Amino acid sequence: MIGAAVTDTLEHLYREIDELHRQLAEARETIRAIQGGEVDAVVVTDDVLPRVLMLDSADKPFQLLVERMHQGAATLTVDGSILYCNEQFSRLLRVPHDSLRGRPMQELIDGPSLPLFEALLRDGLAASVEGEIVLRRADDSWIPLYLGVSALHEGVGDVWLLVADLTEQKRRERLVADSAMARSVLEQVGDAVIVCDINGIVLRASRSAHALCGTNPLLKPFDEVFWLSPLSPESVDGELFDVGAAWRGETLRGWEVGFNRRGGERAELLLNAGPLVAAGGEMLGAVITLTDITALREAQDELHRRANALQEADRRKDEFLAMLAHELRNPLAPIRASLEIMKLRGHDDPMLRKCRDIIERQTHQLTRLVDDLLEVSRIRTGKIQLRTERVSLAVAVARGIETSRPVSDAKGHHLTLAVPDAPIWVKADLTRISQVVGNLINNAAKYTDDGGQISVRVAQDGTMGVIHVRDSGIGIPREMLATVFDLFTQVTDCIDRSQGGLGIGLALVKQLVVMHGGQVEARSDGPGRGSEFIVRLPLWAEDRAALVADVKPGSGTSRRVLVVDDNQDAVDILADLLGMLGHDVRTACSGPAAITVATEFVPDIMLCDIGLPLMDGYEVVAELRARPEFAKTRFIALTGYGRDEDRQRSHAAGFHAHLVKPFDLAKLVALLDPA
């Protein structure tokens, strides 16, 4: 009996175990169906009554609502992986909906926005947070988004995202900012700026436009508030300038128009106008700018009036000089006739012959000076004609002293002359060089107190003959050293000593010396310490060639040498000299010509003057040194500027060496072959 009871009990237990397994499997399937959305309701039975739980009563409407939202929505894990998103979210990112599930949200976020997103993800588990981030779309475009983050519900470690597109909002913000900027520009611009629609109605106007028309022009026809008349000679009184062409699509540039202000004041304006076109090409209207040029016109009229006055004064000056020359010629005619009579009658007295010769020479020089007086402009433009020949520098200086002797003697000056034993021959106009010396001595006599010292010295320096005229006079202020050779210039503090001079003496000295291919400079240690004028003139060609007779032609290394100087005589003689030394020489007389010749020739050495026409020496060297083919070229400044600051400037400009005119032959040879 006991065995049968045990057997019945075991069978009962086995049946209960099987039932429990069945119920467990059913429960698992139910849970799976609920999680998969396959079950709409669950019936739960207990000891009282069965209960029906409708699973879609809350979730289904919510899910439909999320799918129909205009905003993007998604659920994320705490590490940012996407669990779910609606279609709008995938459309915003331009990524297929199915490919977003399980993808880390961080992959879609622009780098600078990542720290903010991580903070929103972290803080959203505790409280609802929001912020603006930038997402990267599948096509590599960017989209600004508003992001709201909150936890799904308490106890669940996931978050809910609400995403809104901010593109349109950002565009509107930019439009507002652009509009504010446009208004600010209109308020600040000095010209009158008017914006009209296609019918010519004023939509916007700058503050200057309001001031110009004297009223508020907004929403009024342009022609009603801006009655503009053309200023061309062909215009008719009362004619209106046609600005309407601008809102018909035409562009107007640089038109001069007239405008009567409200107070009756006449204004002259410069008009520019053009069409206002939208991004899509639609014609919206026109923009007109009006620049007040009334003051400019008045200034131009005043300049024109003054120019006419100067021309009239210049004409009267020429008439005066012509009359003065005529009056001076009247006494010269009988003087010359008297000299001819004296020659015909003949006198053996040596003193009379000497006086006659002096009068003849001075009459000849005075006649030429009267000719120059007819037109001072010839001094400026170099139109004085030279009659050059082989001239002894000592003879020219002696004649200049003879001319100026009465001036120096009248003031009791002690005048000395020092000349070398050997003659120094220069290519010059004897009368003009005598005139140069005479003017320098007259200048020294005028600016030296009675009983002063004036010394004249003749010397040779390389290929140049040199004249030194030094005095013990009042000196020259440092600031005037650079201007004493300008026309009509006198030492400011000493005009009372000028004895009525016109201030053309030193200007004529410089012009004549430059015409001879020479240089002149003024030196002084300052007021009260005297002054010195130094004139340098090129030697006669045969004498210059003799200077290099002892140099063996072809000795040393033959170089390709380019000589650049705007003085043709200086270029020619230096080229001859370098050729005798065995070098291959090319020449140029202007900056652009130097560039052209150098490009073709590619010299080893370039001797370049600084004061060149069109391009100075600094510009020439800067351009050539920028080219790789001239990396080995040696640039040497050959100039009359010899101050320390001149040397520093030439070095800064790219010159390798600085040679001052007149140069020493030994120095030049050393620079050509520095090795």
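Note: hydrogens, waters and symmetry copies are ignored here, and every other heavy atom, side chains too, is used. Since the structure is predicted, the reported quantities are computational estimates derived from the model, not experimental observations.
- Residues forming a side-chain hydrogen bond (donor to acceptor under 3.5 Å, both in side chains) with Asp110 (at least two apart in sequence, or on another chain): none.
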Checklist entry - What do the steps show when you test Val257 against Val243 for side-chain contact (heavy atoms from CB on, under 4.5 Å), and what is the final call? => result CA-CA 11 Å; Val257 296; Val243 185; over 6 Å; no

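- With a 4.5 Å cut-off on side-chain heavy atoms, Pro217 and His210 count as touching.
- In plain terms, the two heavy atoms of Asp566 and Pro613 that are nearest each other are CB-CD, 3.6 Å.
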Which atom pairs, donor and acceptor, lie under 3.5 Å between side-chain atoms of residues 264-273 and protein residues at least two apart or in another chain?
| residue | atom | partner | partner atom | Å |
| --- | --- | --- | --- | --- |
| Arg266 | NH1 | Asn260 | OD1 | 3.1 |
| Arg266 | NH2 | Ser229 | OG | 2.9 |
| Glu268 | OE1 | Arg297 | NE | 3.4 |
| Asn272 | OD1 | Gly254 | N | 2.9 |

Next on the checklist: Using side-chain contact (heavy atoms from CB on, under 4.5 Å), reason through Leu228 and Phe222 one step at a time and then give a plain yes or no.
Outcome noted: CA-CA 10 Å; Leu228 305 177; Phe222 178 86; 4.1 Å; yes

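- In this structure, Ala205 and Val202 approach most closely via the heavy-atom pair CB-CG1, 4.3 Å.
- Rounding to the nearest 0.5 Å places CG of Leu296 at 9.5 Å from CG of Leu303.
- Proximity of Glu132 to Pro144: side-chain heavy atoms (C-beta onward) are nowhere separated by under 4.5 Å.
- Within the model, atoms SG of Cys589 and CG of Asp565 stand 7.5 Å from one another, a figure rounded to the nearest 0.5 Å.
- Between Val149 and Leu120 the shortest heavy-atom distance is CG1-O, 3.6 Å.
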Item to check | Evaluation steps, side-chain contact (heavy atoms from CB on, under 4.5 Å), between Lys632 and Asp604 | outcome: CA-CA 7 Å; Lys632 296 182 178 180; Asp604 301 314; over 6 Å; no

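- Of the inter-residue distances, the one linking Ile610 atom CD1 with Asp616 atom CG reads 8.0 Å to the nearest 0.5 angstrom.
- Between Arg103 and Val95 the shortest side-chain heavy-atom distance falls below 4.5 Å.
- Of the residues listed (Ile201, Leu203, Ile288), the one engaging Cys196 in a side chain to side chain contact (heavy atoms under 4.5 Å, CB included) is Ile288, and it is the only one.
- Of all the heavy atoms in Cys213 and Phe226, the pair that sits closest is CB-CE2, 3.8 Å.
- Once rounded to the nearest 0.5 Å, the distance linking CG of Leu219 with CZ of Arg204 reads 12.0 Å.
- Nearest heavy atom pair, residue His658 against residue Ser650, reads ND1-OG, 2.9 Å.
- Evaluation of the side-chain hydrogen bond (donor to acceptor under 3.5 Å, both in side chains) rule for Glu250 yields no partner, not counting sequence neighbours.
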For residues 590-603, run the donor-acceptor check on the side chains, cut-off 3.5 Å, and write out each pair with its distance to 0.1 Å, sequence neighbours left out.
| residue | atom | partner | partner atom | Å |
| --- | --- | --- | --- | --- |
| Ser590 | OG | Ala593 | N | 3.3 |
| Thr596 | OG1 | Pro592 | O | 3.1 |
| Thr599 | OG1 | Ile595 | O | 2.6 |
| Thr599 | OG1 | Arg627 | NH1 | 2.9 |

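- A salt bridge does not link Asp584 with Arg560: none of the charged nitrogens is closer than 4.0 Å to a carboxylate oxygen.
- Residue Glu118 holds its CD atom at 7.5 Å from CD1 of Ile109, rounded to the nearest 0.5 Å.
- When all heavy atoms of Met615 and Leu612 are compared, the pair lying nearest together is O-CB, 3.2 Å.
- Remark: Arg261 engages Asp292 in a side-chain hydrogen bond (donor to acceptor under 3.5 Å, both in side chains) (not counting sequence neighbours).
- Using cut-offs of 30° and 60° on the angle between ring planes, the pair Phe630 and Phe635 is tilted.
- Although no hydrogens or angles enter the test, the distance criterion places a donor-acceptor pair under 3.5 Å between the side chain of Ser113 and the main chain of Val134.
- When each of Leu638, Val620, Ile636 is tested with Met606 by the rule side chain to side chain contact (heavy atoms under 4.5 Å, CB included), just one qualifies, namely Val620.
- Looking at Arg559 and Arg634, their side chains never come closer than 4.5 Å, going by heavy atoms from C-beta outward.
- Ile133 CD1 to Leu108 CG: the interatomic distance, rounded to the nearest 0.5 Å, is 9.0 Å.
- Under the side-chain hydrogen bond (donor to acceptor under 3.5 Å, both in side chains) criterion, Thr291 pairs with Asp191, not counting sequence neighbours.
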Next on the checklist: With side-chain contact (heavy atoms from CB on, under 4.5 Å) as the criterion, how do Leu276 and Val195 come out once you've worked through the C-alpha distance, each side chain's angles and the decisive distance to 0.1 Å?
Outcome noted: CA-CA 8 Å; Leu276 180 64; Val195 180; 3.9 Å; yes

